[in-house]
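Note that ligands are numbered from 1 as they come in the structure, with each ligand's atoms numbered from 1 the same way. Any value given below was found using the heavy atoms of this structure, including those in side chains, with hydrogens, waters and symmetry copies removed.
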Amino acid sequence: MKRQRVIAVGSYPEWDNEAMTQSFSLTTVARLADLADLDPSLRHETIAVAYKGGAAFGAETMDLLPALGVIANFGVGYDAIDVDAARARGIRVTNTPDVLNDDVADTALAMMLALCRRIPDGDRFVREGRWPKEDFPLNRKFSGGRAGIMGLGRIGRAIADRLVGFSMEIHYHSRSAKEVPAGWIFHATPEGLAAEVDWLVVALVGGAATERYVSAEVIACMPQDAVLVNISRGTTVDEAALIEALEAGRIGAALDVFRNEPDIDPRFLSLPNVLLQPHQGSGTVETRRAMGELQRANIRAFLTGEPLLTPVA
Ligand code: NAP
């Protein structure tokens with residue numbers, strides 16, 4: 001059978017490149033913008049795009065690939081892809097849900113514990129030879145606090161389940177109440193949730209619908225010394241209001257995602273009450289392998305006329 005043309009956009013590890021090369025007639029480009037430079041005959045025979053990246057994948061780009069049938073996104077968050085434009089062109093879109101829930105939830109917990117128990121400071125304290133000369137300052141207890149999940153979806157739920165193991169009181173806000181274990185507290189508004197918790201963990205989808213969902217008003221509702229944890233997308237939080245609250249020393253933050261990442265607002269860099277991570281939520285070998293496999297399985301399903309495994313459009 002003739003192997004069909006697939007374009008892989010983004011930087012893939014060797015194992016994905018090898019697997020895609022074995023299955024498809026593969027062209028690789030580093031960035032979406034590079035598609036325009038490809039030979040038109042190659043663009044015209046492209047059936048599928050394996051997309052890995054945060055750049056906006058809109059109508060104009062789709063129109064460079066007139067035979068395109070599916071965009072298989074590497075990642076559960078597909079907010080970079082204009083799904084309406086894809087639908088209008090009969091292009092299917094898939095993502096990679098569930099296989100990354102554990103890692104993103106583990107990352108959230110790791111950031112919370114690291115910030116609360118000042119793990120990076122402790123490491124520096126030992127390395128700098130200060131331990132024999134001074135006492136490491138006491139920090140704050142983690143177990144038994146009040147945690148609020150903003151968006152109790154797949155990842156939000158995985159985070160909440162872990163926090164139960166830390167005897168946390170679990171609060172959440174979603175667009176409607178969910179079936180949850182007894183004792184978990186639903187808040188109908190984001191402000192209501194923010195006001196009642198020590199940890200506000202944002203696990204929303206990104207995109208226009210959730211732009212600044214954690215607004216200046218929501219941040220203003222957070223109690224003194226509460227911590228905002230964001231593992232969703234930088235767009236879900238009013239970053240200017242967050243930085244203002246951090247600079248005032250009113251709250252803390254643990255952030256894996258930012259607006260304009262990786263070129264983040266430089267004001268974050270000098271704030272002592274924020275823990276910064278390089279968007280590494282799903283970044284383990286095991287999970288990235290599983291994400292690549294699911295991405296390819298979706299492409300293969302499309303090419304062979306089988307039902308898509310994890311379609312979003
Ligand atoms: P999910 O199961 O679809 O859950 C998404 C949550 O967003 C749900 O609670 C949902 O609310 C809420 N939501 C969706 N549309 C909304 C709207 N218009 N207004 C208010 N709330 C809305 O997604 P997931 O698999 O948990 O993934 C969540 C996000 O995590 C991804 O989209 C991605 O951006 C991010 N992520 C980050 C990393 C990282 O490395 N840091 C890795 C993977 C994913 P309801 O509960 O009301 O339905």
Given that the side chain starts at C-beta and the backbone is N, CA, C, O, which of these parts of [X] lies under 4.0 Å from ligand 1, counting heavy atoms, or is it both or neither?
X    : value
V205 : both
A203 : backbone
Y213 : side chain

[atom] [closest protein heavy-atom partner, distance rounded to 0.1 Å]:
atom                    : result
atom 33 (C) of ligand 1 : R233 NH1, 3.6 Å
atom 37 (C) of ligand 1 : I231 O, 3.0 Å
atom 18 (N) of ligand 1 : A209 CB, 3.4 Å
atom 42 (C) of ligand 1 : V104 CG2, 3.3 Å
atom 2 (O) of ligand 1  : R154 N, 2.9 Å
atom 35 (C) of ligand 1 : S232 O, 3.5 Å
atom 44 (C) of ligand 1 : V76 CG1, 3.2 Å
atom 30 (O) of ligand 1 : I155 CD1, 3.7 Å

query = What residues, two or more places apart in sequence or in another chain, satisfy side-chain hydrogen bond (donor to acceptor under 3.5 Å, both in side chains) together with N273?
reply =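 Result, side-chain hydrogen bond (donor to acceptor under 3.5 Å, both in side chains) vs N273: none returned.
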query = What is the ring orientation for Y172 with F186, classed by angle as parallel under 30°, tilted 30 to 60°, or perpendicular over 60°?
reply = tilted
message = Regarding N139 and R118, do their side chains bring together a donor and an acceptor under 3.5 Å, going by distance alone?
response =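 There is no such pair (donor and acceptor under 3.5 Å, judged by atom type) between the side chains of N139 and R118.
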message = Checking E306 against T304: is there a side-chain donor and acceptor pair closer than 3.5 Å?
response = no
query = So is R157 in contact with ligand 1, going by heavy-atom distances below 4.0 Å?
reply = no
request  = Look at ligand 1 and say whether S282 reaches it with a heavy atom at a distance under 4.0 Å.
outcome  =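 Flag set, S282 near ligand 1.
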Identity of the nearest option to atom 46 (O) of ligand 1, non-hydrogen atoms only, from M150, R175, K178, M291 = K178
remark   = Check: of L204, T287, T107, L100, min heavy-atom distance to atom 21 (N) of ligand 1 comes from L204
Polar atom proximity, G153 to ligand 1 (N or O, under 3.5 Å) = yes
ask   = Polar-atom distance check: G281 versus ligand 1, any N or O pair below 3.5 Å?
value = yes
ask   = For ligand 1, which atoms, with element, lie under 4.0 Å from some heavy atom of H279?
value =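 In order of number, 39 (C), 40 (O), 41 (N).
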request  = With sequence neighbours excluded, give me every ring pair (Phe, Tyr, Trp, His ring centres under 6.0 Å) pair touching residues 191-239.
outcome  =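 Checked against ring pair (Phe, Tyr, Trp, His ring centres under 6.0 Å) - neighbours excluded - the pairs reaching residues 191-239 are F142-W199, H173-Y213.
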task = Among K133, R127, E134, find the residue that satisfies the side-chain contact (heavy atoms from CB on, under 4.5 Å) test when tested with R130.
result =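 Single side-chain contact (heavy atoms from CB on, under 4.5 Å) partner of R130 among K133, R127, E134: E134.
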Donor-acceptor contact below 3.5 Å, side chain K52 vs main chain N73 = no
Any side-chain heavy-atom pair of I7 and L42 under 4.5 Å =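 They are in side-chain contact.
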